[in-house]
Structures are given as C-alpha cells and as structure tokens.
Asks: 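Supplied in structure tokens, the structure appears directly below.
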Amino acid sequence: MKVNRWPALFLVLLLIFFCGCHKNNATPSEAGGVNSASGTSGAAGMSDDESVRVLKWIIPDGLPFPNASYLNQVLKEKGIHSKIEFVAKSEDHYAQDVAGAKGRGEEADILFSSFHRIGNYTDPYRDFVKNNLFLVLDGYLKDDLGQKLVSQYNAKAWETFVVDGSVYGVGTNYEIPWQRVSAYDTALAQKYGITPEQVNAPLWTWESWLPKMAQGESGTPNFTPVGIPTYELLLRHYSCFESISGLFVDEEAATPSVVNIFETKEGIRLWNTLRDYQSKGYILTPARADQLAQQGKEAATFLEVVQITSDSSFKERYSNNFSFVPFGNNYVTNNTNAIGVASWSRHPKEAFEVLASILTDPELSNAAIWGQEGENYSVVEGHAVQAGTTDQYVNPKVDFGNNWLAYPPLGEPVNKAADYN
C-alpha cells in the first residue's frame, strides 16, 4: 500500500514554524528580560558584546558621573564579564526613589546610599539597611575576593559597616581616619595657668578659664578663645569612632554599637553648654569667621581642632609655641555614602564581583575616580591634576573607587593608607 507522507511532513514543518515564532515573540520575562535603557537584548541584562552582563548602578543625579566607557574598558581588560550602566535618581528624594524602584521591580544591581537622609540625624547607610535596600554581603566576604576587600579597610573603619552583626555595604576610604587633636597656644596656656589636662577636660569645666581669657585678651584684635565649631566640640567628648553626623561606634561597649549623641542626656547637656559658650563669645561663630574672611583677616584663637597623622605632621603646620592633646580618643572618617549590592538584584554575584574588584584594584579605582589618564587627568609627582597641567586641581569622583588605592588630589598625602596605618 502506498502511503502519502506529504500531509504529515507538512504538519511537522508547520508545527516547527509556529514553535519558532512563539519563541521569538516571548515576553521579556520569558526570554530573560530586555534592557531597553542600554539597548541590549536577549538574556536579562546581557549585552550583544560577547554576552557581557550589564549591571545598573543607581546614583543621585547630583553626583558627577564617572567615565563609564573607560571604566568598562578596564573591567573588560581585567577579564570581568560585566559592564556598568549608571542610572541617576533625583538627588532631592533619592532614598525614596530607590525604595520606589525596588517596589516597582526596576532593574538595579549596585546602590549608593546618598548623603540625603530620610530623617534628621540619621545615617543614610543604616537607613538603606533598615529599609531592606542593601543585600547582606557576609557570604560573599568569605571567598578570596571578599577577604581582599575586607583587607582594604582599617579595623575601626570596618566596624562602621557592621549593622546587627552583618555587613551590607562598604565605604570608599574617602576621608582618611586621621586622629583629631586639640591644638593650643602654649604661651597663652602659661599666661592663664591652663594645663594640658584642663584643655582635654570635659567641656563644662572650661568655665574655670574661658571667661578669664576672654576678658584678658579682649584687646587682642579678632581674638576668640576657641576657634572650633560647636559640632566639632561636641564630638571631642566621645571616646568613639565617628560614622556620620552624631552617630558613633561605641568602643567602650562590650559589643560595638551605633550611638546617636543627640538622643543621650550627656549629649544634650554638652549641646546646651556649647550654645551658652557661643552666646558669651567664647567660641568663634561661623558668621564671625565668614565676616573676617571677607575682610581678608583670620581670627586669633587659643584652641582649635586639627587632624594629624603623626607628630611631625603637626609640627609642619604649627609654630613651636603650639602643642596638642588628643581630641578625646576619636578618629574621624566618613562612611555615610556606602555602596553595596541592591537587595533585589537579579545578578548579585556579578554585582559584588564588580564592586569588590573596583575597590581592591588600583587601576580600576583610578578609572572610577579619575577616568582615563591623559584625557581626564594627568599624574604629577604621584598626584592627579587636570589633564595637560602640572598644578591645576581636579575634583575626584570619590564615591566610586577606593581612595586609598587611587592617586590623591593635590594637597593630600601620596600614600593615605600608610600615613594612617
């Protein structure tokens, strides 16, 4: 019996045709996502360029964007199969916009915790943690790259990243945690019988010598006993490590914890004491400092606060008639603007790899902070300057790379990490 196979073959071909059409017209979720913003297609966040993963890095629109093209070029040269696309959110309500992006399921892989706070005297990093915007990094920190990332930070600085026993983001070593000291005029100290211990004593005890000095030196032009902003004075009383405005890692506690000094009885007492001193003219006000600056003058003071890395760095700045005592026992750093992996990222492993690679590699950190040498900046005696110049300052994009690994701007030490450690 002769069988006509053409109808069956026709049906098979028709089935193959329709299956192929269905596959090509799949929805983004079925096909793995389409990144319309970057013009990539195929699997979620994938570029047509050798299937490189495209990672969204969310930042406030007030920040200067790094040279993304060059940064991605260096990532590729390092064998990292991901590239970055920076996405800006409104600086004015950045935290809320990021939370909204999570709620809407918008693509995001790396986040920057903005300096715009959700509430008064709050730490943006901890706000992001509280609102479940950052991914816990503890698991990633256990591998070789994670351990290399941990090694980039001073132990004190690392404690400021820990929230309830876990790490969610890291800083960029922007402000070196130099030691704060109280610098004072030894000639005036001798004249009024003020000892180093009195200089470093609790602020409310200064009433014993402040009025005498203010009265005795009233004839000295532009003299104010204390040339330290009230907030700086508030900090000096705490044997802590500053994390951000008013928030500290309490070193005296059995378990490191964050303390908000504006919510403690001692902090309120100190604040009221300082306001009283300022009203009596014992402390230089910002308005008076600005007024003198406009006149091309400087205030004469007995006491002020500076940040030093060593005794020799103090002597370079002050004449021999100045000495210093510790400014409490605290060191300052700024870990406000942490960067971490978005809690809803579809590519957390790749996001951490990019983030950790940038923060542990000098070439990547320079690419993120400065851009391309010769085009965006030049290097003169170990410092980054404006391209084509030898002494023109250029603003670093300090929030995107490890500032201890990158070239410093003019006026900063060449080896920040060594100077501190």
Side-chain angles (χ1 to χ4, degrees), residues 49 52 55 57 59-80 82-88 91 110 112 114-115 148-149 151-154 157 170-178 306-310 312-313 316-317 332-339 353-421:
D49 180 18
V52 172
L55 302 175
W57 189 329
I59 65 173
D61 59 11
L63 287 182
F65 278 49
N67 184 336
S69 176
Y70 181 67
L71 177 57
N72 286 327
Q73 176 184 323
V74 179
L75 285 169
K76 183 177 179 180
E77 291 170 356
K78 297 284 182 179
I80 298 171
S82 298
K83 67 179 183 180
I84 296 167
E85 178 183 314
F86 291 101
V87 179
E91 184 178 38
I110 300 173
F112 171 92
S114 172
F115 34 75
K148 187 176 181 182
L149 178 63
S151 70
Q152 300 301 311
Y153 301 89
N154 175 272
V170 293
T172 59
N173 282 326
Y174 169 38
E175 290 188 13
I176 308 170
W178 294 351
V306 294
Q307 294 174 186
I308 64 171
T309 58
S310 62
S312 59
S313 67
E316 290 173 2
R317 180 168 180 172
V332 62
T333 190
N334 181 1
N335 292 328
T336 314
N337 305 332
I339 46 181
E353 179 190 26
V354 166
L355 190 60
S357 296
I358 291 173
L359 294 174
T360 58
D361 185 284
E363 189 176 357
L364 282 168
S365 279
N366 276 316
I369 292 172
W370 299 112
Q372 185 172 6
E373 186 176 350
E375 178 181 324
N376 303 116
Y377 72 101
S378 297
V379 179
V380 176
E381 297 182 353
H383 291 85
V385 297
Q386 283 190 19
T389 73
T390 59
D391 59 356
Q392 296 298 307
Y393 185 86
V394 58
N395 286 316
K397 298 173 179 66
V398 297
D399 299 299
F400 299 97
N402 188 340
N403 289 266
W404 280 12
L405 295 180
Y407 295 116
L410 290 173
E412 292 190 8
V414 172
N415 193 333
K416 298 180 182 180
D419 274 5
Y420 173 64
N421 292 325

Asks: Check Gly401 against Ile358 and note the closest heavy-atom contact, atom names and distance.
Replies: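 Looking at all heavy atoms of both residues, the shortest contact is CA-CG2, 4.0 Å.
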
Asks: Which residue pairs pass the side chain to side chain donor-acceptor pair (under 3.5 Å) test when at least one of the two sits in residues 376-391, sequence neighbours left out?
Replies: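 Non-adjacent pairs meeting side chain to side chain donor-acceptor pair (under 3.5 Å): Asn67-Asn376.
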
Asks: In chain order, what residues pass the ring pair (Phe, Tyr, Trp, His ring centres under 6.0 Å) check against Phe86, with sequence neighbours excluded?
Replies: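 Phe86: ring pair (Phe, Tyr, Trp, His ring centres under 6.0 Å) contacts with Trp57, Phe400.
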
Asks: Side-chain contact test, heavy atoms from C-beta onward, threshold under 4.5 Å: evaluate it for Ile59 versus Asp399 and give yes or no.
Replies: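 With C-beta onward as the side chain, the pair stays apart.
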
Asks: Report the residues that fulfil side-chain hydrogen bond (donor to acceptor under 3.5 Å, both in side chains) with Gln73, sequence neighbours left out, ordered by chain and then residue number.
Replies: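 side-chain hydrogen bond (donor to acceptor under 3.5 Å, both in side chains) check on Gln73 returns Glu77.
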
Asks: What residues, two or more places apart in sequence or in another chain, satisfy side chain to side chain contact (heavy atoms under 4.5 Å, CB included) together with Asn395?
Replies: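 Expected list: Tyr393.
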
Asks: Could you give the distance from CG (Leu149) to CG (Leu355), rounded to the nearest 0.5 Å?
Replies: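 Separation between the atoms: 7.0 Å.
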
Asks: Which atom pair, heavy atoms only, marks the closest approach of Val394 to Pro409?
Replies: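 Here Val394 and Pro409 meet closest at O-CB, 4.4 Å.
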
Asks: What's the shortest heavy-atom distance between Ala368 and Leu71, and which atoms?
Replies: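 That closest heavy-atom pairing would be N-CD1, 4.1 Å.
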
Asks: Which heavy atom in Lys397 sits nearest to a heavy atom in Pro66, and how many Å separate them?
Replies: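 Scanning both residues completely, I find the closest heavy atoms to be CD-CA, 3.5 Å.
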
Asks: Identify the two heavy atoms, one from Trp370 and one from Pro408, that lie closest to each other, and give their separation to 0.1 Å.
Replies: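 Closest approach of Trp370 to Pro408, heavy atoms only: CZ2-C, 4.1 Å.
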
Asks: Can you check whether Tyr407's main-chain N or O pairs, donor with acceptor, with Asn366's side chain at less than 3.5 Å?
Replies: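 Flag set: sc Asn366 to bb Tyr407 pair under 3.5 Å.
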
Asks: Would a distance-only check, ignoring hydrogens and angles, find a side-chain to backbone donor-acceptor pair under 3.5 Å from Asn403 to Val398?
Replies: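 Present.
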
Asks: Salt bridge (charged side-chain N to carboxylate O under 4.0 Å, His left out) with Lys78: which residues, sequence neighbours excluded?
Replies: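 Partners of Lys78 under the salt bridge (charged side-chain N to carboxylate O under 4.0 Å, His left out) test: Asp361, Glu363.
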
Asks: State the CD-CG distance between Glu85 and Asn72, to the nearest 0.5 angstrom.
Replies: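 Here the interatomic distance stands at 9.5 Å.
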
Asks: Which residues pass the side chain to side chain contact (heavy atoms under 4.5 Å, CB included) test with Gln152, sequence neighbours left out?
Replies: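 Applying side chain to side chain contact (heavy atoms under 4.5 Å, CB included) to Gln152 gives Lys148, Thr360, Asn402, Leu405.
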
